[in-house]
Number of protein chains: 2
Amino acid sequence: MTARREPISRRERPAKPALSRRWIVDTAVRIMRAEGLGKVTMRRLAQELDTGPASLYVYVANTAELHAAVLDSLLGEVDLTGRDGGEGWREQLRAVMTSYTGVLFEHPQLARAALVARPSGENYLRLVERILDLLSQSGAGREQVAWGVDKLLQSATATAAEQSTREHDPAFEDDWDATVRALHAVDAATHPAITAHMPALVGGSVSDRLRWSFDVLVNGIVHTPVPVVED
Amino acid sequence: MTARREPISRRERPAKPALSRRWIVDTAVRIMRAEGLGKVTMRRLAQELDTGPASLYVYVANTAELHAAVLDSLLGEVDLTGRDGGEGWREQLRAVMTSYTGVLFEHPQLARAALVARPSGENYLRLVERILDLLSQSGAGREQVAWGVDKLLQSATATAAEQSTREHDPAFEDDWDATVRALHAVDAATHPAITAHMPALVGGSVSDRLRWSFDVLVNGIVHTPVPVVED
DNA sequence: ACCTGAACACCGTTCAAGT
DNA sequence: ACCTGAACACCGTTCAAGT
């Protein structure tokens, strides 16, 4: 019998894989799905990877960059086809933006991270490419389209950062409540405009507001020329 | 000689004032102006107030609420007159929004806090009141105006959170650089739209973009009716 | 009611030293 | 080049105990 050296002793764990950026980010995504972005810390991640936090700095510059990488990974879930929207560029674009918003709504804290550290991974680039392509079918000028993509993404991201925070985190629920209460409690004499606009100011469903925001931006973008650049 | 018991020993400090929400927030503002919002922590603040962190929780629910209070205090610096804008509601509104953006640009981290925990203090209410008043002079519907105020504030806040972060914090500078580099390095075959829009996508001065954003939103808001509410 | 010391359960990041 | 242990310098929040 030939002696086959079975590496049995190295088998207690699923064979601790070599560290790599890919493996680090995938693990971070797994932690986020299971316990939220708040748990995706350098220390916790290192623990999960069976190493010390210092080791991660070979592959990731800092926590913000790590979160940006997690976001990019999540963006792989966005439906870029706009298939649900039907035929026109506008409806397809709406469907893509709705899908993007949906992904962020499911991972509230990620939206906040996106506003701070912009992603630059492949999924983000694919998303930008697709939105540019659809928006340019509006016939608007090149610069309007370029700047417009930014506003569309910013608006959706900011809404997700605000709105969905409220739903998941009881601490932030309070802040929104406080704002609503403050708006209701306002003195009609000193704040006539708030009083006059009051039900609407805090009303409306999330989806109505999202749809309206989208229309506002698209209408604005295609009708507002960029300022002439001076040399 | 009469023995006069001088309370000299109690005089090393300016007579530690009683704790109060007001005093806590003012101290927080002072720390922020001197060292940035990052230093406005419960522990650091308690130290400055010569007490333990637990004492603050009598007046402030948590760190997010504290930051919201600091922001509201800062909003007192916004010029609500819109005096610089001249006569029309549009120009005055632009001036108010520019002033608001300016305040946030000087305190980058505060803009991020604003997206998460909305303020509800007197200065915030005054700002909302003023923007509502100006925007309603456009003649747009009540609901459009109410929802429009939200979008105007959100857009300005998000831009400040993104843009000014970059200027002050070297760590985030890298993320923007990475995004710009990624957009430049893109393959023209797989990402034709990015390539076609490339100089514009990352170009434009901050103030040109802000001005254009404002016009886009105002144009969009006044021309886009809100969806009919079903009962 | 207000205030506090002390504790619990964490953080990010760096650096000298090893392989 | 990659990896690590250990350290530095912090966090937010709670709670039992005091006044």
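Lettering follows sequence order; numbering is per chain, from 1.
Between the CZ atom of B/R44 and the P atom of D/dC10 there is a distance of 9 Å, given to the nearest Å. As rounded to whole Å, 16 Å separates atom P of D/dG5 from atom OH of A/Y57. For B/K39 and C/dC11, the NZ to C1' distance is 16 Å, given to the nearest whole Å. Note: CG (B/L45) to P (C/dT4) measures 13 Å, nearest angstrom. Here D/dC10 presents its C1' atom at 11 Å from CD of B/Q47, a figure rounded to the nearest Å. A straight line from CH2 of B/W23 to C1' of C/dC3 spans 18 Å, rounded to a whole angstrom. At whole-Å resolution of the value, CD1 in B/I24 and C1' in C/dC3 are 11 Å apart. Separating the CG atom of A/L37 from the C1' atom of C/dC11 is a distance of 14 Å, rounded to the nearest angstrom.
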Discussion item. If a pair means Watson-Crick or G-U wobble with both distances below 3.5 Å, what does DNA chain C look like in dot-bracket form, with | marking bases paired to a different strand?
Written reply: ||.|||||...|||||.||
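Spacing of C1' atoms, C/dC10 relative to D/dC8, comes out at 15 Å, to the nearest Å. Using C1' as the reference atom, D/dC3 and C/dA16 are 13 Å apart when rounded to the nearest Å.
Using a 4.0 Å cut-off between charged side-chain N and carboxylate O, B/R126 and B/D72 make no salt bridge. Using a 4.0 Å cut-off between charged nitrogen and carboxylate oxygen, A/R211 and A/D208 do not count as a salt-bridge pair. In this structure, A/D26 pairs ionically with A/R22, as a charged nitrogen and a carboxylate oxygen lie closer than 4.0 Å. The pair B/R33-B/E77 meets the salt-bridge criterion, with a side-chain N (NZ, NE, NH1 or NH2) lying under 4.0 Å from an Asp/Glu carboxylate O.
Minimum interatomic distance between A/L71 and A/A114 (heavy atoms only, all atoms of both residues): CD2-CB, 3.3 Å.
A sub-4.0 Å separation between OP1 or OP2 of C/dT13 and a side-chain N or O of A/T63 is present. An OP1 or OP2 oxygen of D/dC3 is reached within less than 4.0 angstrom by a side-chain nitrogen or oxygen of A/Y59. The side chain of A/T51 places no N or O atom within less than 4.0 Å of a non-bridging phosphate oxygen (OP1 or OP2) of D/dC3.
Side chains of B/K39 and B/M32 form no contact here, defined as non-hydrogen atoms less than 4.5 Å apart.
Counting only N and O atoms by type, the side chains of A/T157 and A/Y100 include a donor and acceptor under 3.5 Å apart.
Residue B/S55 is the one, among B/S55 and A/P53, whose nearest nucleotide of DNA chain C lies closer to the 5' end (criterion: closest heavy atom). The residue among A/M42 and B/V58 whose nearest nucleotide of DNA chain C lies closer to the 5′ end is B/V58. Along DNA chain D, the nucleotide nearest A/L56 and the nucleotide nearest A/R43 are compared for position; the residue whose nucleotide lies closer to the 5' end is A/L56.
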